[in-house]
Amino acid sequence: MSNKNYWLIKSEPDAFSIDDLKSCPNQTEHWDGIRNYQARNMMRDQMKIGDLAFFYHSNAKPPGIVGIAQVCSEAYPDHTQFDPDSKYYDVKATMDNPRWMMVDFKFKRKFKRMITLDELKKIPKLEDTPLLRKGNRLSIMPMSPQAWEIILALV
DNA sequence: GCCAACGTTGGC
DNA sequence: GCCAACGTTGGC
C-alpha cells in the first residue's frame, strides 16, 4: 500500500510550461509564487517527497494536463516573499516568520498528447474532482488515487 | 466578527 | 475582454 499523495499543479505555459521545467538544471525547479493559504497549507502539511502531480497548463488554448512532476523537497520558505523587487514580495513576511512556502518539483514525464479540460469534463467519475468543480481556482489541488488512475488511463 | 468592496483566477 | 466565483482586506 503506497502512501503517496497525488496532486495537480497549475501553471500558465506562457510563464512556466512543462517544457520549461524539463529544461531546468537537473530538470528541477522551486515552485515559487504560491500566495494562497489553502495551497500553502497543502504544500506545507501534506506534500511529501515522492508525491506525484499532474502538470496542468492553465490559461492555455486549450487548457489541460500535459504531464507529471514529482515533489522532490520538503516545504521551505519561498524566497520571493522577501524580495522587494519581486511581484511576490510580501511586506508582512519576515525571515524569522515567513508566511509563504514552496516545494521543489522535478520533471517526470510529458504526455504524448494533452488531456484537455474539455475531455476531463466528459468523464462522469471525475465530476467530484476539485479541478472540475465550478469556481475552484486553487493553483494546487489534491487528486484521489482513483481520479489519478482514471486520468492516467486516458494518456 | 460582520460584510462590502476590491482583487485575482481562469474559462470562455 | 467579459464575468462568475471566491479569497482577502479593512472599516466598523
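Convention: sequence-line order gives letters A, B, ...; per-chain numbering from 1.
- Mapping A:K134 and A:R35 onto DNA chain C via the closest heavy atom, the residue that lands nearer the 5' end is A:K134.
- Taking the ring centroids of A:W100 and A:F82, they lie at or beyond the 6.0 Å cut-off.
- Checked against a 6.0 Å centroid threshold, the rings of A:W31 and A:F55 count as neighbours.
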Polar atom pairs between nucleotides 9-12 of chain B and protein, under 3.5 Å, N or O only, would you list them?
from, atom 1, to, atom 2, distance (Å)
B:dT9, O3', A:R137, O, 3.3
B:dG10, OP1, A:K10, NZ, 2.7
B:dG10, OP1, A:R137, O, 2.9
B:dG11, OP1, A:Y56, OH, 2.7
B:dG11, OP2, A:N59, N, 2.9
B:dC12, OP1, A:K121, NZ, 2.2

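- Between A:N5 and A:K48 the shortest side-chain heavy-atom distance falls below 4.5 Å.
- Residues A:D78 and A:R40 are not paired through a salt bridge, judged by the lack of any N-O separation under 4.0 Å between the basic side chain and the carboxylate.
- Counting only residues at least two apart or in different chains, ring pair (Phe, Tyr, Trp, His ring centres under 6.0 Å) contacts with residues 118-155 of chain A comprise A:Y6-A:W148, A:F54-A:W148.
- Closest-nucleotide positions on DNA chain C for A:Q38 and A:K92 were compared, and the one nearer the 5' end corresponds to A:Q38.
- Distance, A:N36 CG to B:dT8 P: 13 Å, rounded to whole Å.
- Here A:R99 pairs with A:D90 in a salt bridge; the nearest charged N to carboxylate O distance falls below 4.0 Å.
- Distance A:D90 CG to C:dT8 P: 12 Å, rounded to the nearest Å.
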